[in-house]
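For reference, the structure is listed below as structure tokens.
Chain naming here is simple, since letters A, B, ... match the order of the sequence lines and numbering starts at 1 in each. Please read all numbers here as calculations on a predicted model, not as lab measurements.
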Amino acid sequence: MTDTAAPEPDAESAPHLAKGARAGEWVLFYSVSIVGAVALSLVLVELTGGESWPVISALLDGSVRSPGRWGETLGASAPLLLVALGTVISGRAGLINIGQEGQVLIGAAFATYFGFQFGGAASVNLFVILLFGAIGGALWAGIAALLRYWRGVPEVLTTLLLVFLAGQAVSYGLSREALLLAPSGSRGNRNLVSEQLAEGNRLPRLEVFGNELPTMVFVSVLLALLVAFALAWTVWGFRIRTLGQNPNAARRAGVSGARYGGTALLIGGGFAGLAGAAMFAGGGFAFGNYQLVPGFSANIGWTGLLVALVAQERALLAIPVAFIFASLRTSSSFVGSTGVEGRVTDIMEGLLTLALLIPPAVIFIRGRRRARAASTART
Amino acid sequence: MESLGDLFSALVDIFTSESTYINTALFAGLLAFAATGEWVAERAGTINISLEGMLLFGAFASAVAYDLSGNFVVGLMGGAIGGMMIAWVQAQMSHNLSANQFVVGLTLNILIFGLTGFLMREMDPVTELAPRWEIPLLSDIPLIGQALFGQRWPFYLLFILIPLSWYLVFRTRWGLDLRASGENPQSADVSGIDVNKVRRQTIYYAGFTSGLGGAFLIFAQVGVFEDSIVGGRGFIAIAAVIFGGWTLKGTIAGCVLFAGALSFKLSVQGLGYELNSELLQALPFLVTIGAVAIFAHRVRPPAALAQPFVRGLK
């Protein structure tokens, strides 16, 4: 920085220009990625003998256009958002929790078991269900936290393996009447399902313009605001972020990895468990119809994880992303009815996620390149 | 399971029956294909959650290649190419575009699961098992002879692949480069190694071996493609590398141990004993978690494992 004698004429305005150009770049990259992913899925549909337009229209019908559908989609986005919020917290602490699917399932199982054990008045019962759902998910993630900080096992691996254990644990519970299985009088002969939650004890639903909204939608949005606030404005959030951005610096500043990282994992699991409990108590027909059934978690954990990743671990951004992923989910059966295999929405989901990972990476690289160019120009 | 005596006699039955060893070798074979490549990639400092997707797509690609050509060699090559296609996406996204490698891997797994399920209904490839090759004399060894030397022929590729991987990592220039990239990427970079390029190449190698593993699954073990064919065993292969303390010997030992747990389940049922089915299903995962919990902190991973390398950033 020795050339103070001859400052360039646009040195002042350059940052502003760059800012505008960067926003334009951002919009361009993201729209190209999204359009590319959707186009690629439609090419696949065409190649296998399907037609694109009916698929697109079925996607819109199934998610928002047909009567009652946007309520359904919002209902599916609530557990996705909850899972994503947990992932945001553990992700910001630098931990890679990918076992949400199992945590959701264990949360739902805990909610079912303790909900029927304690019974009680409707509001108390509902509180118990949600509380124990969160506890169940947190405990399941706690196993991974324990192994991480006590035995040094990477949490990526344990959270993942625990997903498979969760499935077996719940199906064990569903085969024993002492645990989760409904008494033989109140279920079909060989059905492995839990008792159904009594009508008064469910999470209430609101009627809005012919759409049924589970109250969990509002709760999850409130929690998103809370998480965003806690991460951005509290000392606790600051420590979590420090830990995630530079574990060495965090350690020297007195932030204990085991304490804050462990807490972040537990909270992450707790959110996933809460999502499971909410699906049980308020998910309605889309999620087991107020009963615990085998495969209850229905990919909510996996998709919720993707939501958090696509939202780049920002709690507020997770809200619209959760809605988009929920739309793909609720429109799957509509797409299936056009004669195209309904799983094409899974492919769209995967391609969309991959495509949305590209722009931030490209922008990062271009930013670095620009910074380097600027620093070499200056010297 | 009435008493301890019954349990003991059941265990004796299981350990003296040849089918236990044959099943173990088959399961271990699949894990070893994937784990060998993943071991190479982890020595270079990457972890590929997409191993599961590479196996699945390798299996699908080999089934399609065999359906089109009717030739097992073409089928195996198709599997290897299929695995490498997934590896290419993984490598480009995570070690060229610097997206998080776990995120990319997980997304790929979900994408491949949807894609193969979708394409399976559309294409429905017809496949069959490869012929069995009995190696003379060696296959007559009691108990383990049939397991190691009486398998369908794609199994024997492992006898080439495992020593080859060891040779590549410890006796070639490329191996030195990749180990340097896994231990100290900054120094490797300064000494002229293109760290991310070497890492991408190791991921392609993992895709190659996993693709072969998928083909092995079709031609030597199952015979038909289904979208649930891999069923989480890609993740167990990653666990085997960690269990083995990032040594090739340990990795293979991990494969055999986890495969033993998988085949124990089959043996128990095959010999007519009753044991809780959920426990048996969970056994391989329980053994994996238990073994990793016991051994993980006794070993030293590659120093830069799972840390992305960006020049000039530390």
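- No hydrogens or angles considered: a donor-acceptor pair under 3.5 Å links the side chains of A:Q100 and A:T87.
- The part of B:F102 that comes within reach of chain A is its side chain, from C-beta onward, which places non-hydrogen atoms under 4.5 angstrom from that chain.
- Across B:G232, B:P301, B:G114, the residue that shares the most heavy-atom pairs under 4.5 angstrom with chain A is B:G114.
- Ranked by heavy-atom pairs under 4.5 Å with chain B, the list A:I358, A:L147, A:L354 is led by A:L354.
- In this pair, B:F225 and B:F60 present their aromatic rings perpendicular. The plane angle is above 60°, beyond the 30 to 60° band.
- The minimum heavy-atom distance linking B:P302 with B:E42 is given by the pair CG-O, 3.4 Å.
- Results of the side chain to side chain contact (heavy atoms under 4.5 Å, CB included) test with A:R329 over A:N299, A:D346, A:T345 single out A:N299 as the only residue that passes.
- Heavy atoms closer than 4.5 Å to chain B are found in both the backbone and the side chain of A:L351.
- Evaluated for a side chain to side chain contact (heavy atoms under 4.5 Å, CB included) with A:L352, the options A:L306, A:L328, A:V321 yield exactly one hit, A:L328.
- Only the side chain of B:I110 comes within less than 4.5 Å of a heavy atom of chain A; its backbone N, CA, C and O stay farther away.
- In this structure, the side chains of A:T353 and A:F325 come closer than 4.5 Å at one or more pairs of heavy atoms.
- A 6.0 Å sphere centred on CD of A:Q312 holds more than 12 heavy atoms belonging to other residues, nucleotides or ligands.
- Between B:R233 and B:F258, the closest side-chain pair of non-hydrogen atoms is not below 4.5 Å.
- Within the 4.5 angstrom heavy-atom criterion, atoms from both the backbone and the side chain of B:L286 approach chain A.
- Of the possible polar contacts, none joining the A:T303 side chain to the A:I300 backbone as a donor-acceptor pair under 3.5 Å is found.
- In this structure a side-chain-to-backbone donor-acceptor pair under 3.5 Å is present from B:Q101 to B:I47.
- Heavy atoms closer than 4.5 Å to chain A are found in the side chain of B:L106, but not in its backbone.
- Contact annotation for A:I347: both backbone and side-chain heavy atoms come within less than 4.5 Å of a heavy atom of chain B.
- The greatest number of non-hydrogen atom pairs below 4.5 Å with chain A, out of B:T288, B:L108, B:L279, B:V292, is found for B:V292.
- Between B:V104 and A:L357 the shortest side-chain heavy-atom distance falls below 4.5 Å.
- For chain B, no part of A:I143 is nearby; none of its heavy atoms comes within less than 4.5 Å.
- Heavy atoms closer than 4.5 Å to chain A are found in the backbone of B:N96, but not in its side chain.
- Scanning residues 151-161 of chain A against chain B with a 4.5 Å non-hydrogen threshold yields A:R151, A:G152, A:V153, A:P154, A:V156, A:L157, A:L160, A:L161, sorted by number.
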